[in-house]
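Written out below as structure tokens is the structure these notes cover.
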2 protein chains.
Amino acid sequence: MKYNLSQSEENYLKSIYNLIDKTKSSLINTNLIADDLKTKASSVSEMIKKLSEKELIEYKKYKGSQLTENGNAIAVQVIRKHRLWETFLVEKLNFEWDEVHEIAEQLEHIKSIKLTNKLSEFLGHPKFDPHGDPIPNEKGIFPKQHFVINLKQVKQGQFAEVVNIGSDNKNLLIFLTKNNIGIGTKIKCVDIYDFDDSIKIELMDKRTLILSKKVIKNINVKLN
Amino acid sequence: MKYNLSQSEENYLKSIYNLIDKTKSSLINTNLIADDLKTKASSVSEMIKKLSEKELIEYKKYKGSQLTENGNAIAVQVIRKHRLWETFLVEKLNFEWDEVHEIAEQLEHIKSIKLTNKLSEFLGHPKFDPHGDPIPNEKGIFPKQHFVINLKQVKQGQFAEVVNIGSDNKNLLIFLTKNNIGIGTKIKCVDIYDFDDSIKIELMDKRTLILSKKVIKNINVKLN
DNA sequence: TATAATTTTTAGGTTAACCTAAAATTATAT
DNA sequence: ATATAATTTTAGGTTAACCTAAAAATTATA
């Protein structure tokens, strides 16, 4: 179990992991990966073949890819590093949450298990990163999370608390910050507009705000 | 002045910078670089040609290489990152000084000026890294150093203080640690053995120790 | 100073990761 | 059910960074 993968290979594994997570489907299409990694389907086909020869991906031609146990374990460790570094950047270096993704994309490929573990320790073994994403431990175990739902599931009149932002889009994050929405923010759903799937929310300070469908899609909450 | 260099290209610039420093010569031989980077002379020739087309290296065939102003500036920034990360690893994550070089070799290529500056700030803008090497600032200016000489220059009876170890060799660093020699250690030269260029030193606790020529070569001191 | 030794460069090849275009396969729609 | 559309793979090409071996240039030596 001594893989020495290139950054590219790690990125493919991570992408597949994230796409499984996002799409809740176990077989990931080649085009989806290509899209996610901003590369071409032909490049993906090639890489998938290589990774399946290394037994990190399970794949039958034309049928889509999934991760093997080993592939999954590696992806999880890359994600662990990504989220630990994001936490470091925000907590220790005072970066804004919209600035860290890009830098963490680089840092996640640093190869040193000892570094990762010491970093985690230094940060106090954080369970969630600045976007509310759970941070797996050295063994790949994720922390337990409260029951998380998407904001669009919240009914009129219900109270909820933001626990996670499901996107690294800089402008979305800046928008949320400007409107005082962050991890832990408590909100009330005061109105639902069916015609465009937007909603009106109320913050603790009684300020109200209309959120578009696209914004809502990326806000995950727990009910209060 | 917006270069986007590969890790390899950065390594070549850094290597030339370090070799200029070490050899005190302004023209660096192709073979020296090959040796330093554990690559072949033919690869170096190729890369040198490329970097001189980018005007980062000044070079005439068969005559050796030197850095242009731009090449030097880039090398210094890579070195800045290397030394800041080494400091972080030792000061904040409690790594030993013999463990950090390898990891810093990876971290030095992370591209984010903002990260570098925030890291420096987080560390309190350190002037020297764990091996006593000076850390240049954002503008590439190195801190002033006291007059530094090599340990072999110290005469019998003189007192000196270790300010710098001129090697990243793990075993050398472990050896020094085991013998209570580190940056800031005060020593007295009690004997010089001409026949093998070794010396006997005395530490503050009166313990004496014989150091070989190779060890001495890598210990730089200031006289006290 | 001519010859030998060393150093450096060039020529030509390999590998990883990308690409475009064409072919193969699968999915969709009439 | 078959034609069309979409997806995926294959074929063949490019680039960066390495390599070996041979050629060229420089340096050292007899």
Side-chain angles (χ1 to χ4, degrees), chain A residues 3-16 19-20 22-23 25-67 71 74-75 78 105-106 108-109 111, chain B residues 3-16 19-20 22-23 25-67 71 74-75 78 105-106 108-109 111:
Chain A
Y3 295 99
N4 199 357
L5 301 183
S6 67
Q7 297 201 181
S8 240
E9 290 173 312
E10 288 189 343
N11 281 336
Y12 277 88
L13 296 177
K14 187 183 60 153
S15 172
I16 295 169
L19 291 168
I20 289 171
K22 201 199 299 193
T23 64
S25 128
S26 63
L27 279 176
I28 302 302
N29 295 335
T30 299
N31 267 343
L32 255 189
I33 301 170
D35 219 62
D36 187 47
L37 294 177
K38 287 153 179 40
T39 179
K40 293 294 145 78
S42 57
S43 306
V44 176
S45 265
E46 210 179 45
M47 182 62 101
I48 276 172
K49 211 167 85 186
K50 184 167 60 159
L51 290 172
S52 76
E53 275 156 16
K54 293 188 180 182
E55 299 189 47
L56 298 171
I57 282 180
E58 182 110 18
Y59 129 100
K60 294 214 181 66
K61 266 183 201 170
Y62 294 99
K63 298 298 184 192
S65 310
Q66 58 191 122
L67 296 172
I74 292 169
V78 174
E105 289 283 293
Q106 300 179 58
E108 71 189 6
H109 299 294
K111 285 177 171 39
Chain B
Y3 296 98
N4 200 356
L5 301 183
S6 68
Q7 295 199 182
S8 240
E9 291 173 311
E10 288 189 344
N11 281 337
Y12 277 86
L13 295 177
K14 187 183 60 154
S15 172
I16 294 169
L19 290 168
I20 288 171
K22 200 200 298 193
T23 64
S25 126
S26 63
L27 279 176
I28 302 303
N29 294 336
T30 298
N31 266 345
L32 254 189
I33 301 170
D35 219 64
D36 187 48
L37 294 177
K38 286 151 181 36
T39 180
K40 293 292 146 78
S42 55
S43 306
V44 176
S45 264
E46 212 178 43
M47 181 62 101
I48 275 172
K49 211 167 85 186
K50 183 166 60 157
L51 289 172
S52 76
E53 276 156 16
K54 294 188 181 183
E55 299 190 46
L56 297 171
I57 282 180
E58 181 110 20
Y59 130 100
K60 294 216 180 65
K61 270 183 197 170
Y62 294 100
K63 298 300 183 192
S65 310
Q66 58 191 121
L67 297 171
I74 292 170
V78 174
E105 289 281 294
Q106 299 180 60
E108 72 190 4
H109 299 294
K111 283 176 174 35

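A note on names: the letters A, B, ... follow the listed sequences, proteins ahead of strands, and every chain is numbered from 1.
- Contact between the side-chain N/O atoms of B:Asn31 and the OP1/OP2 oxygens of C:dT6 is not found at any separation under 4.0 Å.
- When the P atom of C:dT26 is taken as reference, atom OH of A:Tyr59 falls 12 Å away, rounded to whole Å.
- As judged by a 4.0 angstrom heavy-atom cut-off over every strand, A:Ser8 is placed among residues touching the sugar-phosphate backbone only.
- Using a 4.0 Å cut-off, some side-chain N or O of A:Tyr12 falls inside it from OP1 or OP2 of C:dC18.
- Residue-to-nucleotide contacts include a donor-acceptor pair under 3.5 Å from the side chain of B:Ser42 to the base of D:dT20.
- Between C:dT7 and B:Asn29, no contact under 4.0 Å exists linking OP1 or OP2 to a side-chain N or O.
- Among the atoms of the strands shown, only primed sugar atoms or phosphate atoms (P, OP1, OP2) are found under 4.0 Å from some heavy atom of B:Thr39.
- The nucleotide whose nearest atom lies closest to any side-chain atom of A:Ser43 is, among C:dC19, C:dT10, D:dC18, C:dC19.
- B:Thr30 comes within contact range of the sugar-phosphate backbone alone, with a heavy-atom separation under 4.0 Å but no base atom that close.
- Whole-Å rounding puts the B:Lys49 NZ to C:dA11 C1' distance at 11 Å.
- The residue among A:Tyr62 and B:Ile28 whose nearest nucleotide of DNA chain C is located toward the 5' end is B:Ile28.
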Start with the C-alpha gap between A:Thr39 and A:Ile33, add the side-chain angles, then the distance that decides, and say whether side chain to side chain contact (heavy atoms under 4.5 Å, CB included) holds.
-> CA-CA 8 Å; A:Thr39 179; A:Ile33 301 170; 5.9 Å; no
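- Set against D:dT10, C:dT20, C:dT10, the side chain of B:Ser45 has C:dT10 as its closest nucleotide.
- Between B:Glu9 and B:Lys14 there is no salt bridge, since no side-chain N of the basic residue sits under 4.0 Å from a carboxylate O of the acidic one.
- In summary, A:Lys40 and A:Glu46 do not engage in a salt bridge, as defined by a charged side-chain N under 4.0 Å from a carboxylate O.
- Between the NZ atom of B:Lys40 and the C1' atom of C:dT8 there is a distance of 15 Å, rounded to whole Å.
- The nearest heavy atom of DNA chain C to B:Lys63 and to A:Lys61 marks one nucleotide each, and the one closer to the 5' end goes with B:Lys63.
- Between A:Leu56 and A:Leu5, some side-chain heavy-atom pair lies under the 4.5 Å cut-off.
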